[in-house]
Amino acid sequence: MVHISLASSTLTQLPPCALAFHPSDSRFVVVGTYKLEQDGRRHGALQVYECDGGNLKLCNTIESQDSSILDLKFSPHDCSLLASTHSTGKVCLWRVSLGGEHGIDVDLISAREITDSSDTLVLSVCFSPLDSALVSVTLSSGEWRLLSISSESSVATVQVEKSFMAHSLEAWTSAFSSNGSMLFTGGDDSCLSAHDLRAGMQVWQDRRSHGAGVTSILSFPYDDSQIWTGSYDEKLRVWDLRGAHRKGSVINELSLGGGVWRLTHHPRVAEKLVLSCCMHGGARMINASDQPSDSSVVGIITDGHESMVYGGDWSSDTGYFATCSFYDRKLNLWSYR
(Lines give C-alpha, C1' and ligand atoms only; values in the text may rest on other atoms or scores of the structure.)
Protein backbone atom coordinates (compact mmCIF):
# COMPACT_ATOMS: atom_id res chain seq x y z
CA MET A 1 0.00 0.00 0.00
CA VAL A 2 1.06 3.60 -0.67
CA HIS A 3 1.85 5.66 2.42
CA ILE A 4 -0.26 8.86 2.48
CA SER A 5 0.11 11.67 5.02
CA LEU A 6 -1.55 15.06 5.46
CA ALA A 7 0.87 17.86 4.55
CA SER A 8 -1.41 20.88 4.97
CA SER A 9 -5.05 21.79 5.50
CA THR A 10 -7.06 24.98 5.26
CA LEU A 11 -10.67 26.16 5.13
CA THR A 12 -12.12 27.66 1.97
CA GLN A 13 -14.43 30.66 2.18
CA LEU A 14 -17.35 28.78 0.61
CA PRO A 15 -18.00 25.04 0.15
CA PRO A 16 -15.60 23.63 -2.50
CA CYS A 17 -16.68 21.11 -5.11
CA ALA A 18 -13.88 21.05 -7.70
CA LEU A 19 -10.16 21.77 -7.90
CA ALA A 20 -7.27 21.59 -10.36
CA PHE A 21 -3.53 22.06 -10.06
CA HIS A 22 -1.94 24.35 -12.63
CA PRO A 23 -0.52 21.89 -15.21
CA SER A 24 2.87 23.57 -15.57
CA ASP A 25 3.35 25.03 -12.09
CA SER A 26 2.02 22.80 -9.35
CA ARG A 27 2.65 25.42 -6.69
CA PHE A 28 -0.84 26.67 -7.57
CA VAL A 29 -4.19 24.95 -7.18
CA VAL A 30 -7.49 26.49 -8.33
CA VAL A 31 -10.64 25.71 -6.34
CA GLY A 32 -14.25 26.21 -7.44
CA THR A 33 -16.87 26.85 -4.74
CA TYR A 34 -20.64 26.52 -4.53
CA LYS A 35 -23.06 28.06 -2.05
CA LEU A 36 -26.85 27.73 -2.09
CA GLU A 37 -28.51 30.34 0.13
CA GLN A 38 -31.84 29.81 1.89
CA ASP A 39 -33.55 32.17 -0.55
CA GLY A 40 -32.45 29.95 -3.46
CA ARG A 41 -29.65 32.22 -4.64
CA ARG A 42 -26.45 30.47 -5.72
CA HIS A 43 -23.02 32.06 -5.72
CA GLY A 44 -19.39 30.98 -5.55
CA ALA A 45 -15.82 31.87 -6.39
CA LEU A 46 -12.60 30.76 -7.98
CA GLN A 47 -9.94 30.65 -5.29
CA VAL A 48 -6.25 30.19 -6.05
CA TYR A 49 -3.99 28.69 -3.39
CA GLU A 50 -0.23 28.47 -3.37
CA CYS A 51 1.45 25.36 -2.01
CA ASP A 52 4.32 27.13 -0.30
CA GLY A 53 6.75 24.71 1.30
CA GLY A 54 3.99 22.16 1.76
CA ASN A 55 1.58 24.76 3.20
CA LEU A 56 -1.57 26.10 1.56
CA LYS A 57 -1.84 29.88 1.27
CA LEU A 58 -4.73 31.76 -0.37
CA CYS A 59 -3.33 34.16 -2.95
CA ASN A 60 -6.29 35.18 -5.14
CA THR A 61 -10.10 35.11 -5.11
CA ILE A 62 -12.41 35.86 -8.05
CA GLU A 63 -16.00 36.18 -6.88
CA SER A 64 -18.93 34.78 -8.88
CA GLN A 65 -21.84 36.72 -7.42
CA ASP A 66 -24.54 35.44 -9.77
CA SER A 67 -23.70 31.73 -9.94
CA SER A 68 -21.95 28.84 -8.26
CA ILE A 69 -19.13 26.86 -9.86
CA LEU A 70 -19.72 23.14 -10.33
CA ASP A 71 -16.66 21.99 -12.28
CA LEU A 72 -13.39 23.34 -13.67
CA LYS A 73 -10.69 21.93 -15.95
CA PHE A 74 -7.47 23.17 -17.51
CA SER A 75 -7.12 22.58 -21.24
CA PRO A 76 -4.68 19.74 -22.02
CA HIS A 77 -3.64 21.73 -25.10
CA ASP A 78 -3.06 25.13 -23.46
CA CYS A 79 -2.14 25.25 -19.77
CA SER A 80 -3.12 28.92 -19.58
CA LEU A 81 -6.76 28.15 -20.51
CA LEU A 82 -9.20 27.20 -17.73
CA ALA A 83 -12.89 26.35 -18.20
CA SER A 84 -15.51 26.51 -15.45
CA THR A 85 -19.16 25.47 -15.44
CA HIS A 86 -21.85 27.36 -13.58
CA SER A 87 -25.27 27.01 -11.98
CA THR A 88 -26.91 29.53 -14.34
CA GLY A 89 -26.33 27.65 -17.59
CA LYS A 90 -23.04 29.39 -18.21
CA VAL A 91 -19.56 28.28 -19.25
CA CYS A 92 -16.65 30.62 -18.49
CA LEU A 93 -13.17 30.62 -20.00
CA TRP A 94 -10.28 32.10 -18.05
CA ARG A 95 -6.74 33.09 -18.98
CA VAL A 96 -4.35 31.98 -16.25
CA SER A 97 -1.00 33.77 -16.28
CA LEU A 98 1.94 33.02 -14.03
CA GLY A 99 3.64 36.00 -12.39
CA GLY A 100 2.16 39.33 -11.35
CA GLU A 101 1.16 40.61 -7.93
CA HIS A 102 -0.30 37.33 -6.69
CA GLY A 103 2.17 35.03 -8.44
CA ILE A 104 -0.71 33.98 -10.68
CA ASP A 105 -3.40 36.04 -12.42
CA VAL A 106 -6.80 34.72 -13.53
CA ASP A 107 -8.71 36.84 -16.05
CA LEU A 108 -12.16 36.17 -17.51
CA ILE A 109 -12.03 36.04 -21.32
CA SER A 110 -15.48 34.57 -22.08
CA ALA A 111 -18.79 34.02 -20.27
CA ARG A 112 -21.33 32.26 -22.48
CA GLU A 113 -24.80 30.98 -21.58
CA ILE A 114 -25.03 27.68 -23.42
CA THR A 115 -28.41 26.42 -22.10
CA ASP A 116 -31.98 27.30 -22.97
CA SER A 117 -32.74 28.39 -19.40
CA SER A 118 -30.72 29.99 -16.64
CA ASP A 119 -32.31 27.44 -14.29
CA THR A 120 -30.31 24.67 -16.00
CA LEU A 121 -27.02 23.82 -14.30
CA VAL A 122 -23.90 23.03 -16.31
CA LEU A 123 -22.60 20.12 -14.25
CA SER A 124 -19.31 19.12 -15.87
CA VAL A 125 -16.79 20.02 -18.56
CA CYS A 126 -14.33 17.88 -20.52
CA PHE A 127 -11.79 18.85 -23.20
CA SER A 128 -11.27 16.65 -26.24
CA PRO A 129 -7.86 14.94 -26.02
CA LEU A 130 -7.10 15.64 -29.71
CA ASP A 131 -9.14 18.65 -30.85
CA SER A 132 -8.12 21.75 -28.90
CA ALA A 133 -11.28 23.58 -30.01
CA LEU A 134 -13.76 20.93 -28.84
CA VAL A 135 -15.31 20.70 -25.37
CA SER A 136 -18.16 18.62 -23.96
CA VAL A 137 -20.46 19.75 -21.15
CA THR A 138 -23.29 17.97 -19.35
CA LEU A 139 -26.47 19.56 -18.04
CA SER A 140 -28.97 19.07 -15.23
CA SER A 141 -31.63 18.66 -17.94
CA GLY A 142 -30.05 15.33 -18.99
CA GLU A 143 -28.41 16.73 -22.13
CA TRP A 144 -24.83 16.85 -23.28
CA ARG A 145 -23.57 19.55 -25.58
CA LEU A 146 -20.49 19.92 -27.73
CA LEU A 147 -18.93 23.38 -27.76
CA SER A 148 -16.36 24.85 -30.11
CA ILE A 149 -14.01 27.35 -28.52
CA SER A 150 -11.60 29.84 -29.97
CA SER A 151 -9.30 31.74 -27.65
CA GLU A 152 -6.70 34.46 -27.92
CA SER A 153 -4.78 36.04 -25.07
CA SER A 154 -7.55 38.31 -23.82
CA VAL A 155 -10.76 37.19 -25.56
CA ALA A 156 -12.48 33.91 -26.45
CA THR A 157 -15.63 32.74 -28.20
CA VAL A 158 -17.82 29.75 -27.37
CA GLN A 159 -20.35 28.23 -29.77
CA VAL A 160 -22.78 25.34 -29.26
CA GLU A 161 -22.18 22.82 -32.06
CA LYS A 162 -24.36 19.89 -31.06
CA SER A 163 -26.72 18.80 -28.29
CA PHE A 164 -28.34 15.49 -27.39
CA MET A 165 -30.84 14.45 -24.72
CA ALA A 166 -29.04 11.36 -23.45
CA HIS A 167 -30.51 10.95 -19.96
CA SER A 168 -33.91 11.20 -18.28
CA LEU A 169 -32.33 12.79 -15.18
CA GLU A 170 -29.19 14.87 -14.57
CA ALA A 171 -26.27 14.15 -16.91
CA TRP A 172 -23.48 14.18 -14.33
CA THR A 173 -20.39 13.57 -16.42
CA SER A 174 -18.81 12.95 -19.81
CA ALA A 175 -15.51 11.73 -21.23
CA PHE A 176 -14.05 11.49 -24.73
CA SER A 177 -12.39 8.31 -25.90
CA SER A 178 -8.63 8.65 -26.19
CA ASN A 179 -8.87 9.03 -29.99
CA GLY A 180 -11.63 11.63 -29.65
CA SER A 181 -14.14 9.74 -31.80
CA MET A 182 -16.49 8.65 -29.00
CA LEU A 183 -18.21 10.50 -26.17
CA PHE A 184 -19.36 8.62 -23.08
CA THR A 185 -21.90 10.19 -20.71
CA GLY A 186 -23.30 9.15 -17.34
CA GLY A 187 -26.52 10.24 -15.67
CA ASP A 188 -28.58 10.08 -12.52
CA ASP A 189 -30.81 7.59 -14.37
CA SER A 190 -28.07 4.95 -13.81
CA CYS A 191 -27.38 4.95 -17.53
CA LEU A 192 -24.02 4.89 -19.32
CA SER A 193 -24.40 6.15 -22.89
CA ALA A 194 -21.94 5.97 -25.82
CA HIS A 195 -22.02 8.32 -28.79
CA ASP A 196 -20.09 8.05 -32.07
CA LEU A 197 -19.17 11.66 -32.85
CA ARG A 198 -18.08 10.90 -36.41
CA ALA A 199 -21.37 9.20 -37.27
CA GLY A 200 -23.36 11.68 -35.18
CA MET A 201 -25.37 9.04 -33.34
CA GLN A 202 -25.78 7.21 -30.06
CA VAL A 203 -24.44 3.68 -30.52
CA TRP A 204 -25.24 2.00 -27.23
CA GLN A 205 -26.59 2.44 -23.71
CA ASP A 206 -26.22 0.38 -20.56
CA ARG A 207 -28.97 0.67 -17.95
CA ARG A 208 -28.30 -2.52 -16.02
CA SER A 209 -24.73 -2.46 -14.72
CA HIS A 210 -24.96 0.45 -12.25
CA GLY A 211 -27.07 0.31 -9.10
CA ALA A 212 -27.42 4.10 -8.97
CA GLY A 213 -26.46 7.23 -10.89
CA VAL A 214 -23.29 7.24 -13.02
CA THR A 215 -21.20 10.09 -11.62
CA SER A 216 -17.72 9.74 -13.20
CA ILE A 217 -16.13 8.32 -16.35
CA LEU A 218 -12.44 7.94 -17.10
CA SER A 219 -10.84 7.09 -20.44
CA PHE A 220 -7.20 6.08 -20.85
CA PRO A 221 -4.69 7.86 -23.11
CA TYR A 222 -2.65 4.67 -23.57
CA ASP A 223 -5.52 2.18 -23.92
CA ASP A 224 -8.56 2.91 -26.08
CA SER A 225 -10.11 -0.46 -25.23
CA GLN A 226 -11.19 0.42 -21.68
CA ILE A 227 -12.98 3.03 -19.62
CA TRP A 228 -13.74 3.25 -15.91
CA THR A 229 -17.03 4.41 -14.43
CA GLY A 230 -17.95 5.49 -10.92
CA SER A 231 -21.40 5.50 -9.38
CA TYR A 232 -23.41 6.55 -6.38
CA ASP A 233 -23.64 2.81 -5.66
CA GLU A 234 -20.04 3.13 -4.32
CA LYS A 235 -18.50 0.93 -7.01
CA LEU A 236 -15.86 1.53 -9.64
CA ARG A 237 -16.33 -0.54 -12.80
CA VAL A 238 -13.71 -1.33 -15.42
CA TRP A 239 -15.17 -1.71 -18.92
CA ASP A 240 -13.78 -3.58 -21.92
CA LEU A 241 -14.88 -1.74 -25.09
CA ARG A 242 -13.88 -4.34 -27.68
CA GLY A 243 -17.42 -5.46 -28.48
CA ALA A 244 -19.40 -4.62 -31.62
CA HIS A 245 -19.85 -0.85 -32.03
CA ARG A 246 -17.40 -0.66 -29.11
CA LYS A 247 -20.13 -2.01 -26.87
CA GLY A 248 -18.76 -2.24 -23.34
CA SER A 249 -18.81 -5.04 -20.80
CA VAL A 250 -17.75 -4.90 -17.14
CA ILE A 251 -14.59 -6.93 -16.44
CA ASN A 252 -13.70 -5.67 -12.96
CA GLU A 253 -15.58 -4.09 -10.09
CA LEU A 254 -14.15 -2.46 -6.97
CA SER A 255 -16.17 -1.41 -3.89
CA LEU A 256 -14.71 1.92 -2.75
CA GLY A 257 -16.85 2.66 0.32
CA GLY A 258 -18.41 5.88 -0.98
CA GLY A 259 -20.05 7.33 -4.05
CA VAL A 260 -17.40 7.53 -6.80
CA TRP A 261 -17.83 11.19 -7.74
CA ARG A 262 -14.56 11.88 -9.56
CA LEU A 263 -11.78 9.87 -11.22
CA THR A 264 -8.51 11.60 -12.14
CA HIS A 265 -5.39 10.26 -13.86
CA HIS A 266 -1.94 10.92 -12.50
CA PRO A 267 -0.39 13.43 -14.97
CA ARG A 268 2.60 11.15 -15.52
CA VAL A 269 1.16 8.27 -17.50
CA ALA A 270 3.91 5.89 -16.39
CA GLU A 271 2.71 6.15 -12.78
CA LYS A 272 -0.57 4.42 -13.76
CA LEU A 273 -2.34 5.84 -10.72
CA VAL A 274 -5.91 7.14 -10.48
CA LEU A 275 -7.33 9.34 -7.72
CA SER A 276 -10.96 8.69 -6.81
CA CYS A 277 -13.05 11.15 -4.79
CA CYS A 278 -15.51 9.01 -2.87
CA MET A 279 -17.90 11.53 -1.26
CA HIS A 280 -18.60 10.48 2.34
CA GLY A 281 -16.03 7.67 2.00
CA GLY A 282 -13.03 10.00 1.59
CA ALA A 283 -10.63 9.29 -1.29
CA ARG A 284 -8.83 6.32 -2.81
CA MET A 285 -5.65 5.85 -4.81
CA ILE A 286 -6.04 3.09 -7.41
CA ASN A 287 -3.44 1.22 -9.42
CA ALA A 288 -4.39 1.15 -13.12
CA SER A 289 -2.81 -2.22 -13.80
CA ASP A 290 -1.58 -3.31 -17.22
CA GLN A 291 -4.24 -5.98 -16.87
CA PRO A 292 -7.46 -3.99 -16.29
CA SER A 293 -9.06 -6.87 -14.42
CA ASP A 294 -6.24 -6.63 -11.83
CA SER A 295 -6.65 -2.94 -10.90
CA SER A 296 -6.81 -2.45 -7.15
CA VAL A 297 -6.90 0.11 -4.33
CA VAL A 298 -3.37 1.00 -3.17
CA GLY A 299 -4.08 4.02 -0.92
CA ILE A 300 -6.96 5.07 1.33
CA ILE A 301 -7.97 8.40 2.89
CA THR A 302 -10.73 8.24 5.47
CA ASP A 303 -9.52 10.88 7.95
CA GLY A 304 -9.03 14.60 7.37
CA HIS A 305 -12.47 15.22 5.87
CA GLU A 306 -15.77 15.36 7.75
CA SER A 307 -17.95 15.83 4.68
CA MET A 308 -18.42 14.88 1.03
CA VAL A 309 -15.14 14.73 -0.91
CA TYR A 310 -16.06 16.07 -4.36
CA GLY A 311 -12.78 17.47 -5.71
CA GLY A 312 -9.28 16.11 -6.14
CA ASP A 313 -6.24 16.42 -8.38
CA TRP A 314 -2.59 15.41 -8.64
CA SER A 315 0.35 17.76 -8.49
CA SER A 316 2.25 17.42 -11.75
CA ASP A 317 5.87 17.40 -10.57
CA THR A 318 5.90 16.55 -6.87
CA GLY A 319 4.62 13.74 -4.67
CA TYR A 320 1.46 15.57 -3.65
CA PHE A 321 -2.22 15.57 -4.41
CA ALA A 322 -5.11 17.67 -3.09
CA THR A 323 -8.69 16.93 -2.10
CA CYS A 324 -11.60 19.11 -0.98
CA SER A 325 -14.77 18.37 0.95
CA PHE A 326 -17.99 20.31 0.76
CA TYR A 327 -19.87 21.12 3.96
CA ASP A 328 -16.79 21.34 6.22
CA ARG A 329 -15.03 23.54 3.58
CA LYS A 330 -11.78 21.57 3.84
CA LEU A 331 -8.94 21.81 1.33
CA ASN A 332 -6.25 19.24 2.09
CA LEU A 333 -2.81 18.71 0.61
CA TRP A 334 -1.43 15.17 0.88
CA SER A 335 2.01 13.71 0.34
CA TYR A 336 2.51 10.10 -0.71
CA ARG A 337 5.31 7.63 -1.21
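Since this is a predicted model, take the numbers as computed values, not measurements.
Rounded to the nearest 0.5 Å, atoms CH2 (Trp228) and CG (Leu263) are 7.5 Å apart. Between atom NE2 of residue His167 and atom OG of residue Ser141 there is a gap of 10.5 Å, rounded to the nearest 0.5 Å. With rounding to the nearest 0.5 Å, the separation of OG in Ser148 from CD in Glu161 is 3.5 Å. From Leu256, atom CG reaches atom NZ of Lys235 across 10.5 Å, with rounding to the nearest 0.5 Å. Separating the CG atom in Leu192 from the OG1 atom in Thr185 is a distance of 7.0 Å, to the nearest 0.5 Å. We find the CG-CG distance between Asp107 and Asp105 to be 6.0 Å, quoted to the nearest 0.5 Å.
When side chains are defined from C-beta on, Leu123 counts as touching Glu170, because their heavy atoms get closer than 4.5 Å. Proximity of Val91 to His86: side-chain heavy atoms (C-beta onward) are nowhere separated by under 4.5 Å. At a threshold of 4.5 Å between non-hydrogen side-chain atoms, the residues Leu236 and Ser295 do not count as touching. Under the 4.5 Å side-chain criterion, counting only non-hydrogen atoms from C-beta, Val122 is not in contact with Leu70. In this structure the side chain of Phe74 reaches within 4.5 angstrom of the side chain of Pro23, judged on heavy atoms. Side-chain contact between Phe220 and Pro292 is absent, with no heavy-atom pair separated by less than 4.5 Å.
Taking the six-membered ring where the residue is Trp, Phe326 and Tyr34 present tilted rings, their angle falling between 30° and 60°.
Taking the salt bridge (charged side-chain N to carboxylate O under 4.0 Å, His left out) definition, one finds that Lys35 meets it with nothing, sequence neighbours left out. Contacts of Asp240 classified as salt bridge (charged side-chain N to carboxylate O under 4.0 Å, His left out), with partners at least two apart in sequence or in another chain: Arg242. Partners of Glu234 according to the salt bridge (charged side-chain N to carboxylate O under 4.0 Å, His left out) rule, which considers only residues two or more places apart in sequence or in another chain, do not exist here. For the ring pair (Phe, Tyr, Trp, His ring centres under 6.0 Å) test, residues two or more places apart in sequence or in another chain that qualify with Trp261 are Trp172, Tyr310.
Between the side chains of Asp78 and Ser75, no donor-acceptor pair of N or O atoms lies under 3.5 Å. A donor-acceptor pair shorter than 3.5 Å cannot be found between the side chains of Glu113 and Ser118. Between Thr85 and Asp71, the side chains place no donor N or O within less than 3.5 Å of an acceptor N or O (distance only, hydrogens not considered). Looking at Asn287 and Ser289, their side chains never bring a donor and an acceptor atom within 3.5 Å of each other. Looking at Ser132 and His77, their side chains never bring a donor and an acceptor atom within 3.5 Å of each other. Side chains of Ser80 and Arg95: a donor on one and an acceptor on the other come within 3.5 Å. Judged purely by distance below 3.5 Å, without hydrogens or angles, the side chains of Ser216 and Thr173 never pair a donor atom with an acceptor atom. Residues Asn332 and Ser9 bring a donor and an acceptor atom of their side chains to less than 3.5 Å of each other. No side-chain donor-acceptor contact under 3.5 Å links Ser219 and Ser177. Residues Thr33 and Thr12 have side chains that never bring a donor and an acceptor to within less than 3.5 angstrom of each other. No hydrogens or angles considered: nothing links the side chains of Ser307 and His305 as a donor-acceptor pair under 3.5 Å.
Checking side-chain atoms of Asp196 against main-chain N and O of Val203 turns up no donor-acceptor pair under 3.5 Å. In this structure, Ser68 contributes its side chain and His43 its backbone to a donor-acceptor pair below 3.5 Å. At distances below 3.5 Å, not a single donor-acceptor pair connects side-chain atoms of Glu271 with backbone N or O atoms of His265. Under a 3.5 Å cut-off, the side chain of Asp313 and the backbone N or O of Phe21 do form a donor-acceptor pair. Looking at Arg42, its side chain never comes within 3.5 Å of a backbone N or O of Ser87 through a donor-acceptor pair. For Arg237 (side chain) and Glu253 (main-chain N/O), no donor-acceptor pair under 3.5 Å exists by modelled atom type. The backbone N or O of Leu147 sits nowhere less than 3.5 Å from a side-chain atom of Lys162 that would complete a donor-acceptor pair. A donor-acceptor pair under 3.5 Å links the side-chain atoms of Ser117 to the main chain of Asp119, judged by distance alone.
A single hydrophobic cluster is seen to contain both Val238 and Leu254, as judged by linkage of ILVMFWY side chains at heavy-atom distances under 4.5 Å, directly or through other members. Note: the hydrophobic cluster containing Leu130 does not contain Ile227 (ILVMFWY, side chain heavy atoms under 4.5 Å, direct or indirect links). Val135 and Ile114 fall within the same hydrophobic cluster, where Ile, Leu, Val, Met, Phe, Trp and Tyr residues are linked whenever their side-chain heavy atoms come under 4.5 Å apart, directly or through other members. Leu19 and Ile62 are assigned to two separate hydrophobic clusters, defined by single-linkage of ILVMFWY side chains at heavy-atom distances under 4.5 Å. Connection of Leu241 to Val214 is established within a shared hydrophobic cluster, with ILVMFWY side chains joined at heavy-atom distances below 4.5 Å, either directly or through further cluster members.
Taking the ring centroids of Trp94 and His22, they lie at or beyond the 6.0 Å cut-off. Aromatic pair His210/Tyr232: centroids not less than 6.0 angstrom apart.
The salt bridge (Lys or Arg N to Asp or Glu O under 4.0 Å) analysis of residues 130-148, with sequence neighbours excluded, yields the pairs Asp116-Arg145, Glu143-Arg145.
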*Would you please test Leu81 and Ile109 for side chain to side chain contact (heavy atoms under 4.5 Å, CB included) and show each step?*
CA-CA 10 Å; Leu81 184 63; Ile109 58 174; 4.0 Å; yes
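Between Pro267 and Ser315, the shortest heavy-atom distance links the atoms CG-O, 3.8 Å. Here the shortest heavy-atom pairing between Gln13 and Leu58 reads NE2-CD2, 3.7 Å. A pairwise comparison of heavy atoms in Ser8 and Leu56 identifies OG-N, 3.1 Å as the closest pair. Among all heavy-atom pairs drawn from His280 and Gly258, the shortest one is CE1-CA, 3.8 Å. Counting all heavy atoms, side chain and backbone alike, Ser193 lies closest to Gln202 at OG-OE1, 2.8 Å. The two residues Thr302 and Gly281 make their nearest non-hydrogen contact at CG2-O, 4.2 Å.
Applying the 6.0 Å contact sphere to CD of Glu306 captures more than 12 heavy atoms from other residues, nucleotides or ligands.
In this structure, Trp314 shares a hydrophobic cluster with Val2, Ile4, Leu6, Leu273, Leu275, Met285, Val298, Ile301, Phe321, Trp334, Tyr336, the cluster being traced through Ile, Leu, Val, Met, Phe, Trp and Tyr side chains under 4.5 angstrom apart.
Under a 4.0 Å N-O distance rule, the pair Arg27/Asp25 qualifies as a salt bridge.
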